[in-house]
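To start, the structure itself, in structure tokens.
Just so you know, these numbers come straight off a predicted model, no measurement behind them. Below, read A as the first sequence line, B as the second, and so on, with proteins coming before strands; counting in each chain starts at 1.
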Number of protein chains: 2
Amino acid sequence: MFGTSERAGKGGSADKRPASTAVRDETAAHLRSPHAGASSSCKTCSLRPVCAVNPDELACSQQMEDLVLGYRQVKKGEALFRVGDPFTNLYAIRTGSFKKVTLLADGREQVTGFHVSGESLGTDGIAAAQYASDAIALEDSSVCVMPFDLLEWLSREVDAVRHHVFRMLSAQLVRESNSMMLLTMTADERVAAFLLDLSRRWQARSYSPSAFALRMTREETGSFLGLKLETVSRTLSRFQKQGLVQVRGKDVRILDFAGLIEVAHHPSSS
Amino acid sequence: MFGTSERAGKGGSADKRPASTAVRDETAAHLRSPHAGASSSCKTCSLRPVCAVNPDELACSQQMEDLVLGYRQVKKGEALFRVGDPFTNLYAIRTGSFKKVTLLADGREQVTGFHVSGESLGTDGIAAAQYASDAIALEDSSVCVMPFDLLEWLSREVDAVRHHVFRMLSAQLVRESNSMMLLTMTADERVAAFLLDLSRRWQARSYSPSAFALRMTREETGSFLGLKLETVSRTLSRFQKQGLVQVRGKDVRILDFAGLIEVAHHPSSS
DNA sequence: CGCGCACTTGACAGAGGTCAATCTCCGTGG
DNA sequence: CCACGGAGATTGACCTCTGTCAAGTGCGCG
């Protein structure tokens, strides 16, 4: 695993860029070169405005080009990584979406997050040098593969990269702790807040904030929100009766944002 | 705030250590010198084995001594920082304990975490250059003050520091996402898991894992666990009747670890 | 085209919330 | 030193929300 190169640098030596050959060999078969396709460069990537890894301030850095080792396709239902897999790479989602799943001590499993294009995966693996959750594709998806030892090296050499990694990790902390708010919320509030969160994220990607598809099942949604699938279904149906949304299977259209926000923020109002 | 010095370094200049005068001036009145007291050095600090900021691998680094600008006392009920305060420092708890509190959109507030000696505070402020929660002392407490621009500088110069900050942030991510597990747990499971978590953290600090004081009120405990204070109280009383614990006000003694673990892991068993 | 999985909807039960009364500390001041 | 007051904790009665169980529907994928 990457422990060797990691601890070797103590004291400030290791000025040479790590070759990262182990990673390259290990995953080469699954990867497509980043310099093959059309939007193969971070600079020209259409996701740049929202990408958690490559914001504008990093675009000037020539080295960022080299960070993305390649791309990897993940088919619907397949795992990008699983709990306990040795941590080697961070990933940025290019297309598609993922769920993060964690196993409880007694065997039950819980969805701990949903992630869409431009968001990063794998950061929970840094701490213990192995991933702390499963990352499962909700649809056929593709990710940018970024070997962590390269990111480490860039973090030392380029101030902007280091700053950005710090901020990215901290931002994730804030987001996760926000989802603790679910604990004190009723089922209505949880579902409303969930829809508004998805809406906001689609909007940031220049998609319609009012019409989108729920790529996850009702059961996965319920697991994430701490509800049973029947409750999710019932709540959506009621929201529809109240004219807040229009739901047809996985397709959702938000009809009344103000009303939905009202529900998300108020414990007991219709 | 620290934005200026942060972005100034872009490109790899700024080899001189930042003076951090702004921070020093701003807070000097509240601080005691780190080189005054007995355990004023990270090297001799009794918390070193558990300190999230200064583990063994960093102890060799002479520069770590300079990271701690000073100490700050926080009286019971007072805030170390509040939501929106400009982010300048990370903190390591020396003595005492804190709760982190976040405000919901409708005004209700939720406890998002409890922290004891050796744990770090303020990491949620890196992302947006302002703190994302209130940190309130649960008892008279003291913290080590670490200006983030100094930590930033050390992160560039010393590989071990950078590695460690990455790991510390990632470990926090894992811990926070573990607390999402509460969503699928019953009240019994939540309270049992809460007691076991506190026990584990006290044990790591060489205190008794079976007898300790709950510094937080039932209401704060409930807020953190997503329960009402009455439910927390009732659950503790029932655990006592079942011989799992002995509770007298804030003092807790765990009598049956195996039983408590059983409750924490099983949805519906006595 | 039809099988199966996901979803919807209903009836019921139970976990936890709400409201309220009472108790136990502890600090404060007479 | 004790009386008092107030915050926190406990306990009970009741009720609501959500989980559970079950039946039925529809859509997607082979």
Side-chain angles (χ1 to χ4, degrees), chain A residues 75-77 99 108 110-111 136 138-140 182-195 213-242 245-252 263 266-270, chain B residues 75-77 99 108 110-111 136 138-140 182-195 213-242 245-253 263-264 266-270:
Chain A
K75 290 225 182 81
K76 178 176 177 173
K99 64 171 174 178
R108 287 174 295 173
Q110 156 126 17
V111 175
I136 313 286
L138 294 173
E139 59 193 307
D140 291 357
L182 290 173
L183 280 169
T184 47
M185 295 166 89
T186 65
D188 282 17
E189 294 176 279
R190 292 184 199 194
V191 174
F194 177 69
L195 292 175
L214 303 172
R215 295 279 156 57
M216 62 293 291
T217 67
R218 298 288 188 267
E219 183 167 26
E220 288 162 344
T221 306
S223 174
F224 176 65
L225 296 177
L227 302 170
K228 290 295 156 184
L229 67 95
E230 295 95 330
T231 305
V232 174
S233 181
R234 263 188 266 270
T235 306
L236 287 174
S237 297
R238 192 156 29 75
F239 283 179
Q240 176 155 265
K241 272 196 207 101
Q242 295 168 346
V245 300
Q246 180 185 319
V247 187
R248 266 192 75 77
K250 298 208 170 300
D251 291 320
V252 173
V263 172
H266 262 301
S268 60
S269 89
S270 84
Chain B
K75 290 224 182 82
K76 177 175 178 174
K99 62 171 175 177
R108 286 174 296 172
Q110 156 125 21
V111 175
I136 313 286
L138 293 173
E139 59 194 307
D140 291 356
L182 290 172
L183 279 170
T184 48
M185 295 166 85
T186 65
D188 282 18
E189 292 176 280
R190 294 183 198 194
V191 175
F194 176 70
L195 292 175
L214 303 174
R215 295 278 155 59
M216 63 293 292
T217 66
R218 298 287 187 268
E219 183 167 26
E220 287 161 344
T221 306
S223 174
F224 177 65
L225 296 176
L227 301 170
K228 290 293 155 184
L229 68 94
E230 294 95 330
T231 305
V232 174
S233 181
R234 264 187 265 270
T235 305
L236 287 174
S237 297
R238 190 156 29 77
F239 283 178
Q240 177 155 267
K241 271 196 207 101
Q242 295 167 347
V245 300
Q246 180 186 319
V247 187
R248 265 193 74 78
K250 298 209 168 303
D251 291 320
V252 173
R253 179 176 297 274
V263 172
H266 261 302
S268 59
S269 90
S270 86

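The side chain of B/Lys250 places no N or O atom within less than 4.0 Å of a non-bridging phosphate oxygen (OP1 or OP2) of D/dG8. Side-chain nitrogen and oxygen atoms of B/Ser237 include at least one within less than 4.0 Å of the OP1 or OP2 phosphate oxygen of D/dT11.
Rounded to an integer number of Å, the gap from B/Gln246 CD to D/dT10 P is 13 Å. Summarising the geometry, the separation between CG on A/Leu214 and C1' on C/dT8 is reported as 15 Å, rounded to the nearest angstrom. As a whole-Å value, the separation of B/Asp251 CG from D/dA9 C1' is 14 Å. Put simply, CZ on B/Arg190 is 8 Å from P on C/dG17, counting in whole angstrom units. Distance, B/Arg218 CZ to D/dA7 C1': 13 Å, rounded to whole Å. Between the CD atom of B/Gln240 and the C1' atom of D/dT11 there is a distance of 14 Å, rounded to whole Å. B/Glu220 places its CD atom 12 Å from the C1' atom of D/dA7, with the value rounded to the nearest Å.
Applying the side chain to side chain contact (heavy atoms under 4.5 Å, CB included) rule to A/Ser223 yields the partners A/Gln110, A/Val111; only residues at least two apart in sequence or on another chain are considered. Taking A/Arg215 as the reference, A/Glu139 meet the side chain to side chain donor-acceptor pair (under 3.5 Å) condition, with sequence neighbours excluded. Looking at residues two or more places apart in sequence or on another chain, you find a side chain to side chain contact (heavy atoms under 4.5 Å, CB included) between A/Thr217 and A/Glu219, A/Glu220, A/Lys250. Legend: residues meeting ring-ring contact (aromatic ring centres under 6.0 Å, His included) with B/Phe224, ordered by chain and number and at least two apart, are B/Phe114. A/Gln240 meets the side chain to side chain donor-acceptor pair (under 3.5 Å) test with no other residue; sequence neighbours excluded. Residues passing the side chain to side chain contact (heavy atoms under 4.5 Å, CB included) test with B/Asp251 are B/Ala213, sequence neighbours excluded.
A/Gln246 CD to A/Leu236 CG: the interatomic distance, rounded to the nearest 0.5 Å, is 12.5 Å.
Rounded to 10°, the angle separating the first-five-pair axis and the last-five-pair axis of the helix from C/dC1-D/dG30 to C/dG30-D/dC1 equals 40°.
Along DNA chain D, the nucleotide closest to B/Glu219 and the one closest to B/Lys241 are compared, and the more 5′ of them pairs with B/Glu219.
One N or O on the side chain of B/Asp140 and one on the backbone of B/Lys76 form a donor-acceptor pair closer than 3.5 Å.
For residues 229-242 of chain B, every residue pair satisfying the salt bridge (Lys or Arg N to Asp or Glu O under 4.0 Å) rule, not counting sequence neighbours, is listed here: B/Asp188-B/Arg238.
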key: Contact state string [nucleotides 13-30 of chain D, B base, S sugar-phosphate only, - no protein heavy atom under 4.0 Å]   = B----SSBB-----S---
